[in-house]
Amino acid sequence: MITKLGLTLSLAMLFAPSCFAHDAASQKFLNEAIEGNFAEVQMGQLAKKQASSDGVRAFGEMLEKDHSTANQKASAAATSLGMTPPTSPNKKQKVDHDRMSKLSGAQFDKAFVTHMVADHKKDIKEYEKAAKRKDAAGSYATETLPTLRKHLDTAQSLSGASKTANPTANPPAVIAVPAPAAGVPAPAPETTAGDKVR
């Protein structure tokens, strides 16, 4: 009886640190995700006020709406893991917001879109890592990834740096072939098999 109890306690102590580490990693991810969502909502609101292009303003509206929804889900996941969710962006995000708030018009548009491309690339890496977890943080990350990818695609298209190149944008080069000299018949075109067309 004592041996079984001792074995059970030993096993519990052996596996407990990895469980705590797992919880700590999930809590750290959710803490950063919630701060990030607050930051994106505020940046979206800023874009609606200070952007010069309709596309950037519409993107700002998308960010505000989507990250507000994401934050409700992230906060619920955090609460289910027994943590108190943050209530605002972190210091660095506040500095970024303040810097961006001093810009306007085309200058704002360019800086905003560049920031959003970099920010969403970084976020997607973090969310992909977190999505492998088998807990509330993993579920939240998995559910939110498609939205983050949509935001990245939108930011890239607004910056003109879309990763999916338009095939018609780069037509093949045309090689000029000199016309045959007067009196010389033009050569017959060849098929791909090498047989002359009759």
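In this text, all values refer to a predicted model and were calculated from it rather than measured experimentally.
Distance CD/E35 to CG/N90: 4.5 Å, rounded to 0.5 Å. Considering CD of Q93 and CG of N37, their distance stands at 9.5 Å, rounded to 0.5 Å. Atoms CG and CG, from D119 and D96 in turn, are 8.0 Å apart once rounded to the nearest 0.5 Å. Atom OG1 in T69 sits 6.5 Å away from atom NZ in K73 (nearest 0.5 Å). Here the CG-CE distance, from L46 to M100, works out to 7.5 Å after rounding to the nearest 0.5 Å. To the nearest 0.5 Å, the span separating CE on M83 from CG on N31 amounts to 4.5 Å.
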Please test N71 against I34 for side-chain contact (heavy atoms from CB on, under 4.5 Å), starting from the C-alpha separation and ending with a verdict.
CA-CA 6 Å; N71 228 8; I34 293 167; 3.4 Å; yes
Could you please spell out the steps behind the side-chain contact (heavy atoms from CB on, under 4.5 Å) verdict for M116 and V113?
CA-CA 5 Å; M116 285 301 144; V113 168; 5.7 Å; no
Before you tell me yes or no, could you show the steps for L63 and V41 under side-chain contact (heavy atoms from CB on, under 4.5 Å), namely the whole-Å CA-CA distance, both residues' side-chain angles and the distance that decides it to 0.1 Å?
CA-CA 6 Å; L63 289 171; V41 167; over 6 Å; no
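The backbone N or O of D23 sits nowhere less than 3.5 Å from a side-chain atom of S26 that would complete a donor-acceptor pair. Without hydrogens or angle criteria, S159 side chain to Q156 main chain gives a donor-acceptor distance under 3.5 Å. Between the D109 side chain and the S53 main chain, a donor and an acceptor come within less than 3.5 Å of each other. Looking at S75, its side chain never comes within 3.5 Å of a backbone N or O of Q72 through a donor-acceptor pair. The backbone N or O of L81 sits less than 3.5 Å from a side-chain atom of Q27, completing a donor-acceptor pair. R57 places no side-chain N or O within donor-acceptor distance of the main-chain N or O of K48, the cut-off being under 3.5 Å.
Shown here are the salt bridge (Lys or Arg N to Asp or Glu O under 4.0 Å) partners of K129, two or more places apart in sequence or in another chain: there are none. In this view, Y127 and Y140 satisfy the side chain to side chain donor-acceptor pair (under 3.5 Å) rule, not counting sequence neighbours. Residues that satisfy the side chain to side chain contact (heavy atoms under 4.5 Å, CB included) test with K94, not counting sequence neighbours, are S88, P89. Residues passing the side chain to side chain donor-acceptor pair (under 3.5 Å) test with E61, sequence neighbours excluded: none.
Of the listed residues (Q50, E40, E64), just one forms a side chain to side chain donor-acceptor pair (under 3.5 Å) with Q45, and that residue is E64.
Side-chain rings of H120 and H67 approach one another, their centers coming within less than 6.0 Å.
Of all non-hydrogen atoms in S52 and A106, the two that sit nearest each other are OG-N, 3.4 Å. Across F108 and V56, no two heavy atoms sit closer than the pair CE2-CG1, 4.4 Å. Taking every heavy atom of both residues into account, T154 and S157 meet most closely at O-OG, 2.8 Å.
V95 forms part of no hydrophobic cluster, judged by ILVMFWY side-chain heavy-atom separations under 4.5 Å.
Residue pairs meeting the salt bridge (charged side-chain N to carboxylate O under 4.0 Å, His left out) criterion with at least one member in residues 79-88, sequence neighbours excluded, do not occur.
Ion pairing between a basic and an acidic side chain is recognised when a charged N comes within 4.0 Å of a carboxylate O; K150 and D153 show no such pairing. Remark: E126 does not engage K121 in a salt bridge, criterion side-chain N to carboxylate O under 4.0 Å.
A continuous path of ILVMFWY side-chain contacts below 4.5 Å connects L30 to L148, so both sit in one hydrophobic cluster.
Between P85 and T79 there is a side-chain heavy-atom pair separated by less than 4.5 Å.
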